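In the text below, chain A, chain B and the rest are named by the order of the sequence lines, each starting its count at 1. Every value quoted in this text rests on a predicted model; they were computed, and no experiment measured them.
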Number of protein chains: 2
Amino acid sequence: MSEREISSAVIRRLPRYYRYLGELLENNVVRISSKELSIRMKVTASQIRQDLNNFGGFGQQGYGYNVEYLHDEIGKILGLDATQNMIIIGAGNLGQALANYDFDRIGFKVIGIFDINPRLEGLAVRGVEIQMVDTLEQFIKDHEIHVATLTVPKKQARSIAKQLETWGIRAIWNFAPTDLHLSEDVCVKNVHLDESLMTLSYNLRHRGKEKYSYKSYMED
Amino acid sequence: MSEREISSAVIRRLPRYYRYLGELLENNVVRISSKELSIRMKVTASQIRQDLNNFGGFGQQGYGYNVEYLHDEIGKILGLDATQNMIIIGAGNLGQALANYDFDRIGFKVIGIFDINPRLEGLAVRGVEIQMVDTLEQFIKDHEIHVATLTVPKKQARSIAKQLETWGIRAIWNFAPTDLHLSEDVCVKNVHLDESLMTLSYNLRHRGKEKYSYKSYMED
DNA sequence: TAGATTGTTAATCGATTAACAATC
DNA sequence: TAGATTGTTAATCGATTAACAATC
């Protein structure tokens, strides 16, 4: 099976397909055409078909796509079918908020929360007790963890990220407002909330000078 | 002054320029060339110059760019120079975490937090007391609010968004995992955290099959 | 002036959309 | 079979990169 290079534009759209298909599934819709889905999602049918065909032919001519099948297949492509253990580094407001999220639903199980603040030690968030970071290395080894969420202050983010890398972490979901400099085989996904708000600020200020319309749905 | 259409790809890069320039400023760097900045940011110098020239000529041949001037100008383009009052709807974990953020720094002042849970009434987050949503309409009118952060459950998101629109809100920072259907003159910026994590999941699973490298910095 | 670096035009590259033959 | 809709190729569109004349 030849692995072609999938563009990140396509990958970023997959979760949205997954979400819409999940909703169709909840509404007991059995099949859907790219045309119908394109209307609901406000994208072109062409794009949907192109995107999906990067991964294989999931539809059937004259019929469309089976909602449940397509939903599951996209889930597999995204890797949501296999559960990954995850830790959260930084148990501040955001870290605790994320710990309360139900990410199990998409294959991520929070099994550890870490901080340097001794006041937080032992405090349980969603059944997981906050531990001190000096136990982090051992914990990662003991539990075969490959994914870490980073919600520490900017100053500490880079050095902790480097350590996480040496301890075997392969993917970092980074909420610290800085770019991490790691080797290429560590996946980093940045969530820079302040930068997100800045783009909203831009659009608010320049609103009306141009058309924004539905495209904003896709600009993650 | 002719307003050309600025592509969203450019707009999404502006906050990152702003951040790098801010750091240079902190390090007392007075001037920088597109070449030097391109190396630090791991983008092409060409892209930097093209991006900036969408908004005007901020540099000088043979010299480069004055860091402070460029930083300030990008801040103005993003609209960070004018303060906007903001409210947060939904005082759950995420809502409270966001209320604790220092968004004043980029021109957004949280002056109200709202929820339907009577248990939260009066609880102060960063000096702002949580109020009940039935006072929302009056509050928006009294304080001339145009920006709202939406951190309510999926089920309620759309109906609240619709109401916010009728009450005069012009920009919504939406954390609910759903697309909002509003008129075109309401700006919506979605932050779908679960979808962000899904793309990380994809990259983790397909890691090594292709090169990811620095490009991940830019995929917000 | 000579060197450096911009602003901007032209070339390339990639992503989106359109079209349609294949086929259920 | 006829109608519908995919998978896929071709055309278009837009974004990125390269090149270089302008100019500080």
Please tabulate, one pair per line, all N/O donor-acceptor pairs under 3.5 Å involving side-chain atoms of residues 162-169 of chain A, not counting sequence neighbours.
{"unit_1": "A/Glu165", "atom_1": "OE2", "unit_2": "A/Ser183", "atom_2": "N", "d": "3.1"}
{"unit_1": "A/Glu165", "atom_1": "OE2", "unit_2": "A/Ser183", "atom_2": "OG", "d": "3.1"}
{"unit_1": "A/Thr166", "atom_1": "OG1", "unit_2": "A/Gln163", "atom_2": "O", "d": "2.7"}
{"unit_1": "A/Trp167", "atom_1": "NE1", "unit_2": "A/Glu137", "atom_2": "OE2", "d": "3.3"}

According to side-chain hydrogen bond (donor to acceptor under 3.5 Å, both in side chains), does anything in residues 78-91 of chain B pair up with another residue at least two apart or in another chain? List the pairs.
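Output for this query lists A/Arg205-B/Asp81.
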Nearest heavy-atom neighbours spanning A/Asp194 and B/Ile106:
O-CD1, 3.6 Å
According to ring-ring contact (aromatic ring centres under 6.0 Å, His included), does anything in residues 81-115 of chain A pair up with another residue at least two apart or in another chain? List the pairs.
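Passing the test, one end in residues 81-115 of chain A: A/Tyr101-A/Phe103, A/Phe103-A/Trp173, A/Phe114-A/Phe139.
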Atom-pair distance ([atom1] on [X]; [atom2] on [N]), nearest Å:
X: A/Ile11; N: C/dA15; atom1: CD1; atom2: P; value: 11 Å
X: A/Ile48; N: C/dT17; atom1: CD1; atom2: C1'; value: 13 Å
X: B/Asn66; N: C/dA4; atom1: CG; atom2: C1'; value: 17 Å

Enumerate donor-acceptor pairs with a distance under 3.5 Å from any side-chain N or O in residues 57-71 of chain B to protein atoms, sequence neighbours excluded.
{"unit_1": "B/Asn66", "atom_1": "OD1", "unit_2": "B/Glu68", "atom_2": "N", "d": "3.1"}
{"unit_1": "B/Asn66", "atom_1": "OD1", "unit_2": "B/Tyr69", "atom_2": "N", "d": "2.8"}

Mark up nucleotides 5-10 of chain D, 5' to 3', with B wherever a protein heavy atom is under 4.0 angstrom from a base atom, S wherever such an atom reaches only the sugar-phosphate, and - elsewhere.
BBBBBB
In short, salt bridge (charged side-chain N to carboxylate O under 4.0 Å, His left out) pairs touching residues 147-161 of chain B with sequence neighbours left out are A/Glu23-B/Lys154
Set of side-chain contact (heavy atoms from CB on, under 4.5 Å) partners for B/Ala99, sequence neighbours left out
B/Ile88, B/Ile113, B/Val125
Checking B/Ser46 now: which residues fulfil side-chain contact (heavy atoms from CB on, under 4.5 Å) with it, not counting sequence neighbours?
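Counting only residues at least two positions away or on another chain, B/Ser46 forms a side-chain contact (heavy atoms from CB on, under 4.5 Å) with B/Thr44.
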So does B/Arg12 get a side-chain nitrogen or oxygen closer than 4.0 Å to the phosphate oxygens (OP1/OP2) of D/dA15?
no
Only stems of 3 or more consecutive Watson-Crick or G-U pairs count here, both distances under 3.5 Å; name the ones for DNA chain D, or none.
C:3-24 with D:3-24
